[in-house]
Amino acid sequence: MVALAVDVAAVESQRSGRRKTQNVLRMFLDPLLDALVKLGTNAYLPVLRADRCLQLLVTLLHTCSPRGSRALDDEVSPALQDLVMSTTESVSEFLLRRLTANELSSVSDLDRCRLYLQVFAELTDLHVQGGTGGHLIGRVIAPLKKASIRHLRDTDSEQGPALGRQIQRAVSMAALAAVCEAIDQKPALQLHSLDTGPLEQFLASLQLDRMLQKPHPEEQSSFLEESSSSQGWGKVAAQYIHDQWVCLSFLLKKHHTLVPASEGELPEPRLPAVQRPARTLQAAVAALAVLPSVSVLPVLRCMRLLVPKLLASSESVCVEAFDAAWRTVSSLSNTQLTFWPSLKAFVQFVFDTKVLTIAAKIKGQAYFKIKEIMHKMIEMSAVKSGVFNTLITHCCQSWVVPASNGSQGSLSSAESYGELVLEACTFGTVFRRDQRLIQDVQTFIENLGHDCAANVVIENTKREDHYVRICAVKFLCLLDGSNMSHKSFMEDLAIKLLDKDELVSTSRTRYYMNSQQHRVKNRIWQILLVLFPRFDQNFLNRIIDKIFQAGFVNNQASIKYYIEWIIILVLHKFPQFLPKFWDCFSYGEENLKTSICTFLSVLSHLDIIMQNIPEKKLILKQALDLVLRWALSHNFSVRLYALVALRKIWSMCGTLQVEGLDALTSVIESSLNQVESAHGAGNAQKSWQRIRDHFFFAAFHPLEDHCLETIFYILPRLSGLVEDEWITMEKFSRFTDIPSGAGPQRCLSPTRLRELQPEAWAQQDGGPCSGEAEQQPEWTDVQKKIIPWKNYVPDLDLELVLRDRAAKLGKSISRLIVVASLIDKPTNLGGLCRTCEVFGAALLVVGSLQCVRDKQFQHLSVSAEQWLPLVEVRPSQLPGFLQQKKAEGYTVVGAEQTARSAALTHYRFPESSLLLLGNEREGIPANLIQQLDVCVEIPQQGITRSLNVHVSAALLVWEYTRQQARPQAPSRLRSRAETARSGQMK
């Protein structure tokens, strides 16, 4: 409230020229400043009042501390700091007296101790940052250290420790920990305090295996009474141990060069805790078992300093430390405030560059334990975003500086843990709906920048899964292909990526768009495109067969584009591989039926491939011969791709004036002219226009578009991948933990490709059941395999065809369109197809017509797909499809539970209804809910608040059919009843 009042007064003073901010602030804080000035001299000031003044002081300093880009415009913080610094001497004397003069003697006084040490830390920051060098605070540190050491060295009486003495010891250890932290963070303070030799000798001789004993029995009763309203003695002892390790961490950091590789070298060490590291590490492992998980941070820092020295000589103790630390940190995963600092300290300790290098060299227990922990952290990342980010960022940061400088020592450890970079390159999970909402909200808030107060107060943690891959990509871009160590690392990574792609392809030959398998394969080829400029001919000789073999696999469209792109780059840079490429067209028809379109797409960029070939005419003749053969294929899609390649090759033949083609000229030119000048709106002409204008053939340039933006943002967007896979260049620039390397990779695409929008056409290869137009991705056409009679009326309106079909079959047909593009499982689609056919739905819309070939679909549909029209509309095309149907007069009904959804029992379906069904797990996306005319939900009585999507759809389709059914004429009903009675009599 004080800070807000000062801000208001400051705004008014700017308008009317009244008092300055400092005067206004002094007016509000005069009572507080008067009390703070009297703290050091007024012995009769009530302790409670003094504590409240100090609490207010700490709160004000925290609230008014400058943050963000607007800190320079803040007038309140400097004014407050000036006023507080004027009271430093009095406050320091008060703190020194309270902490050292045995005035804190009860358990409840430990809360006051923490308050006093917070004030001490704030005053230290003020004086060091304010340019005074900490003279006043430095004069407090010396007597505080001396008194604290004296209290800790006092021996107990024979009757046991008294409560007051034990409390004073806890206070003294906490004070020493605060002093060590202050000197560690601000070394200038050491110049203004006495010699630190006695402090270091005392800390080095601490008995780390001894805990703070309970008071003697005479004082147990008073202690128990007090602990009921305050903390128990176990917390007091745990805090005492925590403070010990804070002090020891300061000591080890200062004298880490004195830590020997093994013990026994010094008979009487001057600093036992430093010069006997094995015992100290064992004590650290024991401390992890005693301390609460939230207090282990200083122990992990000590382990980080000790383990690199001991790993070669005392591996078993180090492995025990790894285990104990991981158990402790993993138990904190549900505690947000302490988990992330502890995880960062753990990663810095276990994955220290020296530790990784020594463990990889020895190849002992530590090496395999580190790999085990690494895989456990990756598994944890699947349910807790940000864990893998911490790990990969630390490792790449420790490798990146030596790597950019050409050093081989540090990168050798990266080679031993190459699977870490491999997993980072392909990392990313398929989020549930609730997880995606959290990610979207977090991204939206971060994109607001400092205009949003949350971004000023909370540090951007970069815990999105995207940043794992961004970190790996930026690290790879910094590697130097001319350095043998870097080159070996990149080649090994490329081989592992190709092996993983082959493993994913063989483990599951059929996978759906935007599935986890699709995303992993997509990421693999993205990284291969990033690495390609560093590949030489010798290495490509080793992997070229795998690259071509990937072209024979039945992949999703986005993966095909990446494979075709990298083949084009290989042939452009190394034309020596052209014979192998021609051999790809010589495989048997059974091998080529799902891959020939991939290699024909490569030929459509023959002008790029031939740039480094002096004898171009021979290559053109070979390409022309191949393309003409495939232009006569029985498969419609293959003929389309062959025509695209033929148009390109024939244009180049004319430009280069290739001889010996006179016999083919009339045939080729008449064929191309016929395709270009064909009239009508038939499927063939529409397909030719779509593929001719497709971005991969009309706008994409394999060389100029070889940049990060095209690889990670433009191509995923244009090929229909879900937005989770789009990584903008803004995210690359925002991730500053790894510097941006110059390298051969540009960031932004210079072509018009970035301005294009996703198109309806997606690359489809011919299959064994391909007809004249097996795949029609445009949702206005019906798959001809399912509606063969439409071959005779190609230009008729779809609805007229459907009604004519129903009349010929003697079936009634409704005006209900069921849209199931968001449904993934073939079992649900097969059952839904059967239900729609039984109840006479007009149309079933699916995300991919490939689903009808699935065995599970066919088992559930029992041939219903042969009698029900099916249309393919991909999820990315749904917004346009819904708008089109709205314009045609359809009411869009969504099967979803929302705040304003109508009960199915009370809703009346219009005759022209479009029923949109949601995904099995995530329902209907928010962007589509906005396009719905109404949401309908099924009334439920049970505890489980959801039905299977096929069951829900069946209920809705039946209710529509029941409502739209016309009542039969009475005479007709009587005739049926009489017939039934006569049948019974017989």
Side chain of [X], backbone of [Y]: donor and acceptor closer than 3.5 Å?
{"X": "Glu920", "Y": "Asp824", "value": "yes"}
{"X": "Arg692", "Y": "Phe697", "value": "no"}
{"X": "His706", "Y": "Leu529", "value": "yes"}
{"X": "Asn514", "Y": "Leu721", "value": "no"}
{"X": "His605", "Y": "Pro702", "value": "no"}
{"X": "Arg542", "Y": "Ile495", "value": "no"}
{"X": "Asp501", "Y": "Leu497", "value": "no"}
{"X": "Ser651", "Y": "Lys648", "value": "no"}
{"X": "Lys580", "Y": "Asp545", "value": "no"}
{"X": "Thr393", "Y": "Thr390", "value": "no"}

What distance separates [X] [atom1] from [Y] [atom2], expressed to the nearest 0.5 Å?
{"X": "Thr728", "Y": "Leu708", "atom1": "OG1", "atom2": "CG", "answer": "12.0 Å"}
{"X": "Ile547", "Y": "Cys584", "atom1": "CD1", "atom2": "SG", "answer": "11.0 Å"}
{"X": "Leu656", "Y": "Met652", "atom1": "CG", "atom2": "CE", "answer": "6.0 Å"}
{"X": "Lys546", "Y": "Leu528", "atom1": "NZ", "atom2": "CG", "answer": "11.0 Å"}
{"X": "Ile524", "Y": "Glu502", "atom1": "CD1", "atom2": "CD", "answer": "11.0 Å"}
{"X": "Ser821", "Y": "Leu928", "atom1": "OG", "atom2": "CG", "answer": "9.5 Å"}

Measure the shortest side-chain to side-chain distance between [X] and [Y] over non-hydrogen atoms and say whether it is less than 4.5 angstrom.
{"X": "Val387", "Y": "Trp340", "value": "yes"}
{"X": "Leu646", "Y": "Leu603", "value": "no"}
{"X": "Val570", "Y": "Phe581", "value": "no"}
{"X": "Trp688", "Y": "Val644", "value": "yes"}
{"X": "Ile567", "Y": "Leu571", "value": "yes"}
{"X": "Phe696", "Y": "Ile691", "value": "no"}
{"X": "Leu878", "Y": "Leu822", "value": "yes"}
{"X": "Leu715", "Y": "Ser558", "value": "no"}

Locate the shortest heavy-atom distance separating [X] from [Y]; write the atom from each residue and the value.
{"X": "Ala699", "Y": "Asp705", "result": "O-OD2, 4.0 Å"}
{"X": "Met377", "Y": "Leu391", "result": "CE-CB, 4.0 Å"}
{"X": "Pro879", "Y": "Asn927", "result": "CG-ND2, 4.4 Å"}
{"X": "Tyr713", "Y": "Ile727", "result": "CB-O, 3.3 Å"}
{"X": "Gly481", "Y": "Met490", "result": "CA-CE, 3.9 Å"}

Practice item. Take Phe475 and Leu479 through the test side-chain contact (heavy atoms from CB on, under 4.5 Å) and record every step on the way to the result. Key: CA-CA 7 Å; Phe475 168 71; Leu479 299 182; 4.1 Å; yes
Review point. Less than 4.0 Å between a side-chain N and a carboxylate O, is that true for Glu709 and Arg717?
Key: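 Looking at Glu709 together with Arg717, the answer is no, because their closest N to O distance does not fall below 4.0 Å.
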Point to revise | NZ/NE/NH1/NH2 to OD/OE distance under 4.0 Å, Arg469 and Glu725 | key: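 Yes, Arg469 and Glu725 are salt-bridged.
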Exercise for review: Run the numbers on Phe712 and Phe732 for side-chain contact (heavy atoms from CB on, under 4.5 Å), then give the verdict.
Suggested key: CA-CA 10 Å; Phe712 291 100; Phe732 274 91; 4.0 Å; yes
Check your understanding: Can you list the steps and then say if Val473 with Gln526 is a side-chain contact (heavy atoms from CB on, under 4.5 Å)?
Key -> CA-CA 10 Å; Val473 169; Gln526 285 176 331; over 6 Å; no
Check your understanding: For Lys344, does the NZ atom sit with more than 12 other heavy atoms under 6.0 Å from it, leaving out its own atoms?
Key ->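 Counting other residues, nucleotides and ligands, NZ of Lys344 stays at 12 neighbours or fewer.
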Exercise for review: Determine the interplanar angle of the Phe535 and Phe532 rings, folded into 0 to 90°, and report it as parallel if under 30°, tilted if 30 to 60°, perpendicular if over 60°.
Suggested key: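 Ring orientation, 0 to 90° scale: perpendicular.
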Check your understanding: Do the two ring centres, one from Phe700 and one from Tyr561, sit under 6.0 Å apart?
Key -> no
Verify the distance criterion only: is there a donor paired with an acceptor across the side chains of [X] and [Y] at less than 3.5 Å?
{"X": "Thr426", "Y": "Lys500", "result": "yes"}
{"X": "Gln556", "Y": "Ser515", "result": "no"}
{"X": "His394", "Y": "Gln348", "result": "no"}

**Study point:** Glu491: which of Asp536, Ile543, Asn538, Leu531 passes side chain to side chain contact (heavy atoms under 4.5 Å, CB included)
**Key:** Asp536
Practice item. Start with the C-alpha distance between Phe552 and Phe548, add both sets of side-chain angles, then the distance that settles ring-ring contact (aromatic ring centres under 6.0 Å, His included), and finish with yes or no. Key: CA-CA 7 Å; Phe552 288 99; Phe548 285 141; 8.4 Å; no
Exercise for review: Just do the side-chain contact (heavy atoms from CB on, under 4.5 Å) check on Phe695 and Ile714 with the steps written out, would you?
Suggested key: CA-CA 11 Å; Phe695 77 89; Ile714 297 178; over 6 Å; no
